[in-house]
Amino acid sequence: MIKQILRDHIFQIVTALNLSHDREFIIETPTKDEFGDYSTNVALVLAKENKTSPVKLADMILKELKKSKHYKKVEIAGPGFINFFLSPTMYQNILWSIFEAQNEYGKSTYGNGEKILLEFVSANPTGPLNIVSARAAAFGDTLYRIMKHVGFDPAREFYINDAGNQVDILAESVELRLREIQGEKIGEFPYEAYHGEYVKHLAQKLNSVEGVRVFMLPEKDRMEHLKEFALSELLEMQRLSLEKFGVTFEGWVSEKTLRMEGVVEEVLSYLAEADCTYEKEDAIWFCSTKFGDDKDRVLMKSDGSITYFVPDLAYHLTKIQRGYSKLIDIFGPDHHGYVPRLKAAFKALNYDENMLEIIFLQQVNLFESGERVKMSKRAGKIVTMDDLVSVVGKDAARYFFIARKANAHLNFDLELAMKKNNENPVYYCQYAYARICSILKKAKKDKVLPKAFKEDMLAKLVKPEELNMMQKLAELPDLLVAIAEYREPHRLTNYLEELAAMFHRYYAKYQIVSEKSKDLTKARLLLIQIIKEVMFICFELMGVSAPEKM
RNA sequence: GCGCCAGUAGCUCAGCAGGAUAGAGCAGCAGCCUUCUAAGCUGCGGGUCAGGGGUUCGAAUCCCUUCUGGCGUGCCA
């Protein structure tokens with residue numbers, strides 16, 4: 001916001017001075033206060049192409065900048081940086097515009113309505129969602145919300161792997177448990193089967209509804225029946241877990257349905273037409289190595305069944321057909337090897353491979369009393385998303401998951417997430433919000449809260465802490481754009497923590513409702529009202545609640 | 001072996017897209033409630049940005065290389 005104003009101004013000057021300006025310059029907020037509120041490297045960057053020294057060039061630009069009233073001071077520093085010290089009036093104007101924007105603040109048309117498909121979670125419907133899925137859900141959903149806020153047209157999708165091997169094994173696992181319940185000796189439960197308790201629960205449920213009738217069906221029909229039953233149950237369970245987590249999807253796409261629509265054959269024929277398939281050892285292969293993959297991949301196995309890859313590729317093609325220009329897949333850490341073949345297929349079929357963007361989330365390690373919590377999927381010992389949410393709550397879980405950048409391992413400290421003090425960043429931020437609400441409430445009760453805020457009330461805000469907060473508040477729109485563009489939601493939690501810290505410090509140092517000056521009180525109440533609104537937007541974008549009382 | 005990701009304070013992590021003397025929180029030590037929520041605030045110490053080379057006015061950031069850790073490398077999904 002402010003950066004854009006400064007950028008435009010500099011650009012105007014550079015053009016007016018007839019300077020060559022091929023290279024990009026930046027506006028940044030310096031780490032040190034003495035370097036101003038903002039600074040630019042424009043003179044450093046453009047010196048060479050204008051055949052002059054950075055300091056001389058900075059001097060030329062500075063002369064023009066000084067003509068403006070927006071700046072309290074502009075100066076040259078170091079090797080040729082130009083530092084800006086903004087006037088309080090400029091900050092006050094911006095603050096007022098934030099107040100007027102209300103919940104619309106930070107919204108923009110940056111994304112130009114570009115249709116973006118975010119696919120995430122897409123877990124196998126063979127068990128409860130685990131914590132990596134939870135991370136994906138929090139990450140994908142927050143990214144969705146932020147992208148939408150800055151003018152993209154994103155959609156969330158969950159791809160259901162309801163066909164194929166894993167599902168067969170699921171059905172078999174349920175059948176075994178069912179036989180067990182009905183008193184049959186099944187011996188040792190097979191190694192590959194699903195060992196989780198939830199399989200027993202499924203079997204119990206089926207038993208209480210249908211009992212032995214299940215086994216009156218012929219084998220083939222019985223397996224279909226079991227599959228259908230288990231899938232719908234588990235899918236519903238997953239959907240509920242996500243809903244409790246505040247995550248919904250615009251679309252649930254079933255692999256089985258895709259297969260029935262004949263897309264598998266289509267994809268095979270496309271690849272064949274592009275002359276990218278061949279037969280070997282009774283299987284049909286895709287020569288993905290021609291397009292950068294490590295090895296060729298099987299499309300149709302020697303037993304005539306299809307690999308996971310084919311319907312998944314078909315699914316991706318439907319995304320393009322539905323008009324999405326960017327396909328973002330959010331994957332867990334165990335899918336690295338899968339990307340080259342997808343990209344290879346895009347190339348083979350003459351689609352721009354850059355349409356496909358993969359974000360990898362690294363694994364999540366749970367820690368309890370400094371000890372890593374061991375999980376084992378086969379033994380059925382996984383900490384599920386529901387477990388986590390019931391222990392630490394939705395707010396802490398969502399917050400912790402987006403607080404780290406995607407491609408870093410996430411050490412999830414369960415105790416920290418449950419703590420209710422300033423060590424826990426979620427509470428730290430929420431507490432700042434609740435404090436503001438409390439002050440506003442009290443001000444209203446004491447009849448010092450103005451009926452309507454007016455812009456000129458802000459003139460009283462000149463303390464450095466106040467100006468710094470205004471600057472921080474003004475950063476949000478640029479930040480949201482950067483988050484959407486670089487797919488880095490974690491920067492929002494950083495921002496919120498910084499803002500909360502600024503407020504807590506301010507609160508400790510200054511009295512907001514003061515008997516001495518009514519005008520100052522009004523100004524400060526307006527300021528915290530705006531902080532509240534901005535914090536609310538942040539919480540909303542993260543899917544974390546903003547409590548008015550704690 | 002090959003591929004992907006990571007390595008920043010004792011610990012957990014930021015570092016705004018190449019900028020000025022690298023920042024928080026926690027842990028440690030010392031303080032602050034008769035005052036709008038102490039679920040808070042203030043002060044002090046703490047670094048070979050894994051090592052080495054390169055690119056340039058300038059590198060934690062970009063390139064090369066070595067080391068360490070995690071993950072992947074199915075006719076599983």
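A, B, ... follow the sequence lines: proteins, then strands. Residue 1 opens every chain. Basis for what follows: all heavy atoms, side chains included, without hydrogens, waters or symmetry-related copies.
Counting non-hydrogen atoms under 4.0 angstrom, K441(A) reaches nothing in the nucleic acid.
Spacing between atom CZ of R135(A) and atom C1' of C71(B) amounts to 13 Å, rounded to whole angstrom units. For Y194(A) and C76(B), the OH to P distance is 13 Å, given to the nearest whole Å. The nearest whole Å value for the distance from the CZ atom in F401(A) to the P atom in C13(B) is 13 Å. Here the C1' atom of nucleotide U12(B) and the OH atom of Y399(A) are 13 Å apart, to the nearest Å. Note: CG (D334(A)) to P (A77(B)) measures 14 Å, nearest angstrom. One interatomic measurement links the two molecules: CZ of F400(A) to C1' of A14(B), which rounds to 15 Å at whole-angstrom precision. Here U37(B) presents its P atom at 17 Å from OH of Y428(A), a figure rounded to the nearest Å. One interatomic measurement links the two molecules: CZ of R404(A) to C1' of C11(B), which rounds to 12 Å at whole-angstrom precision.
Using cut-offs of 30° and 60° for the angle between ring planes, the F286(A) and F309(A) rings count as parallel.
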N/O contacts under 3.5 Å, protein versus nucleotides 57-64 of chain B?
| residue | atom | partner | partner atom | Å |
| --- | --- | --- | --- | --- |
| C57(B) | OP1 | K48(A) | NZ | 2.6 |

Check nucleotides 3-7 of chain B against the protein and report each pair of N or O atoms closer than 3.5 Å, with its distance, or say if there are none.
| residue | atom | partner | partner atom | Å |
| --- | --- | --- | --- | --- |
| C5(B) | O2' | N407(A) | O | 2.8 |
| A6(B) | OP1 | N407(A) | ND2 | 3.3 |

Filtered N/O pairs between nucleotides 25-29 of chain B and protein, under 3.5 Å:
| residue | atom | partner | partner atom | Å |
| --- | --- | --- | --- | --- |
| A27(B) | OP1 | E423(A) | OE2 | 3.4 |

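Not one N or O on the side chain of D296(A) forms a donor-acceptor pair closer than 3.5 Å with the backbone of W285(A).
Summarising the base pairing, C67(B) is matched to G7(B) through a Watson-Crick or G-U wobble pair whose two defining distances lie under 3.5 Å. Applying the Watson-Crick and G-U wobble criteria (two distances, each under 3.5 Å), G1(B) pairs with U73(B). If you check C29(B) for Watson-Crick or wobble pairing at under 3.5 angstrom, you find it paired to G43(B).
Between I26(A) and I439(A), it is I26(A) whose nearest contact on RNA chain B lies nearer the 5' terminus. Mapped onto RNA chain B by nearest heavy atom, M300(A) and K420(A) fall at different nucleotides, with K420(A) at the one closer to the 5' end.
Taking the six-membered ring wherever Trp is involved, the centroid distance between the rings of F412(A) and F401(A) falls below 6.0 Å.
E157(A) and Y315(A) are linked by a side-chain donor-acceptor pair at a separation below 3.5 angstrom, with hydrogens and angles left out of the test. Counted by atom type alone, E475(A) and Q471(A) present zero donor-acceptor pairs between their side chains at under 3.5 Å. Between the side chains of S20(A) and E49(A), a donor-acceptor pair is found at a separation under 3.5 Å.
A close approach under 4.0 Å does occur between a side-chain nitrogen or oxygen of K301(A) and OP1 or OP2 of A77(B). The phosphate of U37(B) (OP1 or OP2) has no side-chain N or O of K442(A) nearer than 4.0 angstrom.
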Going through the checks in order, is the ring pair (Phe, Tyr, Trp, His ring centres under 6.0 Å) test met by Y510(A) and Y506(A)? CA-CA 6 Å; Y510(A) 299 100; Y506(A) 180 68; 5.2 Å; yes

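Between R487(A) and E357(A) there is a salt bridge, with a side-chain nitrogen of the basic residue lying less than 4.0 Å from a carboxylate oxygen of the acidic one.
Summarising the geometry of D162(A) relative to K256(A), their closest heavy-atom pair is OD1-N, 2.7 Å, with the distance given to 0.1 Å.
By the side-chain contact (heavy atoms from CB on, under 4.5 Å) test, M237(A) is found to be paired with P128(A), L234(A), residues two or more places apart in sequence or in another chain being considered. Partners of D329(A) by salt bridge (charged side-chain N to carboxylate O under 4.0 Å, His left out), not counting sequence neighbours, listed by chain and number: K319(A).
Geometrically, R7(A) engages F25(A) in a cation-pi contact, judged by NZ or CZ lying under 6.0 Å from the ring centre and within 45° of the ring axis.
An aromatic stack links F35(A) and the base of A20(B), using centre distance under 5.5 Å and interplanar angle under 30°.
The stretch residues 488-498 of chain A touches RNA chain B through E488(A), H490(A), R491(A), N494(A), each having a heavy atom within less than 4.0 Å of the strand.
Considering only the side chain of A434(A), U37(B) comes nearest among A77(B), C36(B), U37(B).
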